[in-house]
Amino acid sequence: MSFNGTPNAIVTYTVDGGANQSITLDTNGLASLTTPALTANSTYTLVSCTSSVLSTCSATLSSSILITVNTIPTVAISGDTSICSGTSASLTFTGIASATVQYTVNNGPNQTINLNSNGIANLTTANLTANATYTLVSVTSPGTNSCTQLVSQSFTVNIVALPTATITATPILVCSGQTATLNFNGTPNTLVTYTVNGGTNQTITLDGAGLASVNTSTITQNTTFLLVSASLIGTSNCLQSLSGLVLVSINPTPIASYTGSLNYCSNETTAIALASTIAGTTFTWTALQNGTSGAISGSGSTIADVLSVNGTDGIATYTITPFYNGCAGNPITINVTVYALPNPTITSGTICLFNSSTIASQPYVLNTNLNTTDYSFDWFFNGVFIPNANGSTYNAIQIGTYSLIATNNNTGCISDAVFATVSETQQGQSLIINQTEAFSNNPFVLVNVVGGDGPFLYQLDNSSFQTSNVFYNVASGTHTITVVDTSFCTNLTATVTLINYPHFFTPNNDGVNDTWNIKGLSRNSKINIFDRFGKLLKQITTNGYGWDGTYNRERVLSDDYWFTIEYIENGEEKIFKAHFSLKR
């Protein structure tokens, strides 16, 4: 405040009608006064002015001045204390009406904003990606007598980082019908939204470590899992759009196929090649045998088993499963038929020679015991194929080694070669038979073979063959003698007649021993029969009916009767006498 008047005058004044106060003007008639700090309007009124010269003069004054005290302007800042990164904040400046506010952003240059008539100004910041501090510098009241107040308030807008999330899957290649595990990793406590093959949104919450996982439902086609957004759980609700994706693919399902024959002969090696339309497919198989051996479970791309059967056909069943990248395709089953090999047999033997200077008198028949309808045959002699020899038997006329291969006409299976050795043997040429004399008490027959290698077997009539060439106690009559050798080369027969008499007969008409006679002698041999007294009862011939036990058509009594016989033996005339019994 300034006073102006007579130099060196003393000015008396009052403040708000209070007690007089004085101030002395300087030699220029000036004085200044600094009021105390005013908080309300104050009126300064001049009372008087007194000169300080020799003659003191005083003048009464009545002018006054009103000092108006304006209200101290104030301002405050408020708004969003935190925002999501990349978004703007809303700030509000509040103070006296129409005041002018200066502020800085992050200690930058002063910026100005004017409050409206309600003492409010709103500020929308630019999109922020870092914390921003707004500091008030001053506030100035409106009007010509404006007041400016320094302010030191700061307000920080904190930036909340946008949540992030990534997605992975384990595994990313699955077999149809399997599941995968989705793994989420990102900002802790974040709600992640994702879709499956573009379907409706699904959500999952990351835990405090920013992790979460979920098992998918069974997957039967290639499936895309797409991240949509990540949203912080809390007051900020910051939302981040995402574009990450993971593709879980279906491994192709392999389909097995095979090439190669399913029919084999015993002891052959199978050649079954396994294939698939998918390169890199592997195969495993199990084997089940029915009448076969050699079928083995295994893996690979070729089934190469040596299959065999014993006597009859069999089947080996293989169940094959294809695999690709760990995925199994549908198994296929194949049945492999294994055919038995033909089983011909030929037996070693001999061919017969009549004597050492002749060719074989008869061949040796090699018999396979197989029929020509179902089988065909190849014969070999000493390893050389015999042309036109294709029957189930072969007549061997040479000594040596014969072999045979038989082929089954239905299956094409070929037998192993079988072998037989044909040797030679001399055939017996004739028989020499020695026998006891007629009416011998111990009749026997001795047989000798002329020629031949033997060993020989001897048979009397239909009895069993024996190794001895002597037959004892041979009955009276004509007998057939047969001689063979063990190689069936010799086969000689002869007849021999042994002469003896019946020691009794029973003429009772029962058909057994009803007559008495002696057989085997020449037909002109005569037999006379006598009773015990020497009476001639009957004369008969050896080729006749014989005696029926009668005399003059009357039956004679049971008794012993005598006979004589005249015969020729080895060119010598002989007479033999003996007796026999008649029994009734």
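Worth saying up front: this structure is predicted, and the values here are computed from it rather than measured.
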Distance, nearest 0.5 Å, that separates CZ of Phe377 from CG of Leu366: 12.5 Å

Main-chain N/O of Ile315 paired with Asn290 side-chain donor or acceptor, under 3.5 Å: no

Donor on one side chain, acceptor on other, Asn409 and Ser376, under 3.5 Å: yes

N/O donor-acceptor pair under 3.5 Å between Asp485 side chain and Phe456 backbone: no

Under 3.5 Å: donor-acceptor pair, side chain of Thr281, backbone of Ile278: yes

Any side-chain donor near an acceptor of the partner, Thr497 and Thr478, under 3.5 Å: yes

Ring center gap for Phe580 and Trp516 short of 6.0 angstrom: yes

Distance-only donor-acceptor check, side chains Thr286 and Ser297, under 3.5 Å: no

Phe505 ring center within less than 6.0 Å of Trp547 ring center: yes

Atom pair CZ (Phe283) and OG1 (Thr302), whose distance is rounded to the nearest 0.5 Å: 9.5 Å

Donor-acceptor side-chain pairing of Thr179 and Asn215 below 3.5 angstrom: no

Expected output: side-chain Thr270 to main-chain Ile303 donor-acceptor under 3.5 Å: yes

Residue that, paired with Phe471, satisfies side chain to side chain contact (heavy atoms under 4.5 Å, CB included) out of Asn469, Asn473, Val474: Val474

Interatomic spacing from OG1 in Thr411 to CG in Asp374 - rounded to 0.5 Å: 10.0 Å

Donor-acceptor side-chain pairing of Asn528 and Gln539 below 3.5 angstrom: yes

Asn500-Ser476 side chain donor-acceptor pair, cut-off 3.5 Å: no

Pair Asn335-Thr317, side-chain donor/acceptor within less than 3.5 Å: yes

Thr170 side, atom OG1; Asn183 side, atom CG - distance, nearest 0.5 Å: 4.5 Å

Any side-chain donor near an acceptor of the partner, Asn263 and Ser261, under 3.5 Å: no

Ring centre gap for Trp379 and Tyr394 strictly below 6.0 Å: yes

Pair Thr345, Asn369: side-chain N/O donor-acceptor within cut-off below 3.5 Å: yes

Proximity of Tyr194 and Phe184 rings by center, below 6.0 Å: yes

Aromatic centroids of Tyr567 and Phe439 separated by under 6.0 Å: yes

Asp560-Ser581 side chain donor-acceptor pair, cut-off 3.5 Å: yes

Pair Ser463, Asp461: side-chain N/O donor-acceptor within cut-off below 3.5 Å: no

